[in-house]
Protein chains: 2
Amino acid sequence: MDDTGTISREPHVLILGGGFGGLWATRALASAPVRVTLVDRTNHHLFQPLLYQVAMAGLSSPDIAAPLRHILRRQRNVTVLMDEATAVDVDARRVTLASGELGYDYLVVATGARHSYFGHDDWAAHAPGLKTLDDAFFIRRHMLEAFEFAERESDPAARAEWLNFVVIGGGPTGVELAGTLAEIARHTLPREFRRSDPRTANVHLVEAGPRVLPSMPESLSEKARVQLCRLGVEVLTGQAVTGIDERGVLLGERRIRARTVLWAAGVAASPLGAQLGAERDRAGRVKVEPDLSLPGHADVFVIGDLASVATDGKPVPGVAPAAKQMGAYVGAAIRDRLAGRTSRPFRYRDYGNLATIGRMAAVVDLRGLRLSGVFAWLFWLVAHVFFLIGFRNRIVVMWEWIWSYFTYQRYARIIIGRERERPK
Amino acid sequence: MDDTGTISREPHVLILGGGFGGLWATRALASAPVRVTLVDRTNHHLFQPLLYQVAMAGLSSPDIAAPLRHILRRQRNVTVLMDEATAVDVDARRVTLASGELGYDYLVVATGARHSYFGHDDWAAHAPGLKTLDDAFFIRRHMLEAFEFAERESDPAARAEWLNFVVIGGGPTGVELAGTLAEIARHTLPREFRRSDPRTANVHLVEAGPRVLPSMPESLSEKARVQLCRLGVEVLTGQAVTGIDERGVLLGERRIRARTVLWAAGVAASPLGAQLGAERDRAGRVKVEPDLSLPGHADVFVIGDLASVATDGKPVPGVAPAAKQMGAYVGAAIRDRLAGRTSRPFRYRDYGNLATIGRMAAVVDLRGLRLSGVFAWLFWLVAHVFFLIGFRNRIVVMWEWIWSYFTYQRYARIIIGRERERPK
């Protein structure tokens with residue numbers, strides 16, 4: 001019996017998570033003789049590489065997110081459910097959702113990662129991270145309110161604290177956040193404040209390792225550092241954070257007083273991974289077979305940021321292109337199984353690495369071809385708009401970028417909601 | 001001493017509220033020899049006539065909202081503060097804000113209205129109202145989740161409850177919400193659901209009085225009712241709501257089972273009005289002099305939805321054009337006072353009344369010229385886009401409407417924030 005009460009001979013593929021992995025797996029099953037159920041706890045697919053733009057008030061949520069059921073409306077073998085998987089029983093082949101239980105013939109677990117505070121969970125309250133649209137709106141409010149509170153503050157020392165920003169983590173997200181923050185303070189806001197001067201804002205980027213963008217070649221890390229400094233960011237490498245509270249950050253003996261601290265330092269795999277009964281790596285990612293299946297359970301696949309796998313002797317990185325490739329691979333693998341074919345092992349194709357820093361500043365590493373500055377930025381821009389899902393999004397995002405390029409404006413500077421107030 | 005610690009000879013005009021009234025008053029003082037402080041508890045001016053489009057996922061917040069300090073960036077005599085007035089002392093000429101106290105030479109109170117549940121505060125939890133962007137996002141989530149929960153519900157009776165919607169109040173907001181809800185259920189969503197059918201959704205519009213749009217001529221109310229029915233809305237006039245809980249609405253003996261109830265039935269003036277020591281009407285609005293000043297306090301003005309005043313023997317309605325006219329009048333009145341001139345009494349110019357119902361359906365009453373249907377809708381569309389603040393907004397909103405007109409799509413169908421508690 002399937003969920004509509006009729007007997008169905010088609011195998012049921014249950015996919016948990018509608019990110020790049022889950023969505024690409026679903027699409028790869030479009031013409032397969034299966035029923036697919038795609039479960040996500042939100043109603044949308046999120047184009048995560050541009051999430052920092054929502055946090056930094058440059059884009060609005062519908063520019064980078066689209067309802068999963070709208071994206072998949074023409075794929076008739078898919079049912080989309082907005083629900084959350086709370087337990088997985090790989091022996092009984094059952095998944096517990098908030099709304100009930102679902103059985104499966106094939107299970108694809110693609111629930112991704114959250115940010116991690118390396119055991120310092122008390123830091124979470126003072127240093128929000130960026131993984132979901134909710135996170136982005138929270139950071140946007142945090143950031144915009146800091147400038148507002150500086151404006152209404154009469155004590156210069158207190159005002160300076162509101163205009164101090166610390167971004168922790170020198171990976172792509174940290175670099176994007178710090179560079180954009182500096183641009184907002186120096187170019188977007190200055191003329192609009194009367195008592196405080198946003199140009200006096202200090203943006204610190206803290207990285208425990210020796211250089212920013214550690215996954216890039218060293219020469220590009222250095223280019224990125226120079227571009228960040230030019231934008232006005234103070235880059236602090238080799239500095240481990242030892243404490244965070246509501247007044248700032250502790251780096252060993254040094255204290256940076258700041259009211260706004262953003263966390264871009266680490267991720268941990270989705271807790272669902274712990275229920276699969278397989279070995280996991282230090283970040284909680286599930287170690288999978290070369291065909292991305294769970295050891296001992298050929299009917300369960302783990303993909304995306306939740307999977308730990310190496311191809312060509314190198315670990316596959318937790319990036320969007322890897323998740324898409326894994327999703328497409330698993331869709332094909334399931335089709336192979338149904339047709340009695342065996343699949344070749346998954347192999348990650350690395351097309352390159354790119355990171356943006358700010359206005360006309362980026363670094364690109366395309367297997368040997370290394371770009372930085374304006375050309376890298378243009379490359380990044382075209383690549384990201386090209387990969388954005390949906391026709392409307394591409395046009396609107398393009399328009400918004402052209403507009404803000406010439407005006408320095410960020411149109412989404414709207415502060416919404418503290419906790420919602422109920423009418424009395 | 002002003003706030004920067006320097007002695008200033010220019011009178012200080014303190015304006016509370018950055019809606020139509022407060023913003024138009026601020027602008028009217030652009031070239032006056034005064035210092036202006038504009039205080040709003042949000043950071044943005046909101047184009048409230050299109051707020052229902054944000055609630056119904058047709059527009060995104062930056063389309064209808066812009067930061068006050070951005071709008072006013074070139075008006076050098078204005079300081080914008082994101083803050084909230086908690087107390088007003090008209091004798092001491094001081095206003096208490098969350099961040100401290102401010103004195104004034106002229107005070108303009110333009111803090112508007114909130115929705116009111118006529119003493120049934122317990123209804124608020126089950127029937128959200130629509131006044132702020134926060135409210136709009138709450139209603140959007142509520143509405144979109146209802147369709148999602150229907151899809152994951154296996155019991156047909158429970159599913160039907162999720163697909164029942166009740167809008168309470170037959171004024172312009174209630175009519176807009178009900179019409180748009182019916183359009184979403186019938187045209188936007190159907191192809192995207194597999195287990196439930198959004199077309200089976202029932203939208204009820206409940207009005208206690210004898211007709212919808214009571215401020216319109218009777219013939220246009222009837223036209224609006226016919227257009228609503230054509231869109232699939234069940235219009236229930238002459239029906240007073242006697243109870244609301246998480247499972248539906250009580251109309252005397254009749255119970256409508258529904259999981260989503262929206263409140264558009266009544267407003268009450270901002271509580272700040274009670275602190276001004278003047279007589280107020282039943283809705284809490286402050287009765288002001290013909291020049292909109294507070295009786296006995298010529299240096300305090302009350303405008304917009306918070307003011308109760310009649311011109312030409314008719315009460316001035318709580319609509320955006322009236323608030324704008326009051327704001328502009330008060331700005332001019334303050335300039336007159338400073339120049340030793342006396343002002344003529346405020347006089348409201350009524351340019352007409354218009355309300356939209358849905359796709360190609362609206363009614364317009366322009367002092368005798370009455371339109372309904374497609375022409376009224378086009379008139380409404382052009383008028384609203386024309387009055388939208390800011391160049392960017394107009395282009396983007398126009399594009400979005402053209403796009404959704406041809407595709408029936410609503411691009412802002414993104415559920416953000418925590419899921420609502422499901423009553424068991």
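Given the structure is predicted, the values throughout are model-derived calculations rather than measurements. Chain letters run A, B, ... following the sequence lines, proteins first and then strands; every chain starts at 1.
Here the closest non-hydrogen pair linking B:A65 and A:I414 is O-CD1, 3.4 Å.
When B:A57, B:S60, B:S61 are compared by the number of non-hydrogen pairs under 4.5 Å with chain A, B:S60 comes out ahead. In terms of heavy-atom pairs under 4.5 angstrom with chain B, the leader among A:E151, A:R73, A:H70 is A:H70. Considering only heavy-atom pairs separated by less than 4.5 Å from chain A, the leading option among B:E148, B:R191, B:K131, B:H44 is B:E148. Per-residue heavy-atom pair counts under 4.5 Å with chain A were compared for B:T79, B:L46, B:L133, and the maximum is reached by B:T79.
The shortest side-chain heavy-atom distance between B:L144 and A:M82 does not fall under the 4.5 Å cut-off.
For A:F193, the parts lying under 4.5 angstrom from a heavy atom of chain B are both the backbone and the side chain. Contact of A:L68 with chain B is not made at all, since no heavy-atom distance falls under 4.5 Å.
Expressed to the nearest 0.5 Å, how far CD1 of A:I415 lies from CG of B:D134 amounts to 11.0 Å. Between the CG atom of A:D83 and the CZ atom of B:F149 there is a distance of 8.5 Å, given to the nearest 0.5 Å. Going from atom OG1 of A:T37 over to atom CZ of B:R152 covers 14.0 Å, rounded to the nearest 0.5 Å.
In this structure a side-chain-to-backbone donor-acceptor pair under 3.5 Å is present from B:N43 to A:R413. In terms of modelled atom types and a separation under 3.5 Å, the side chain of A:R194 and the main chain of B:V78 share a donor-acceptor contact.
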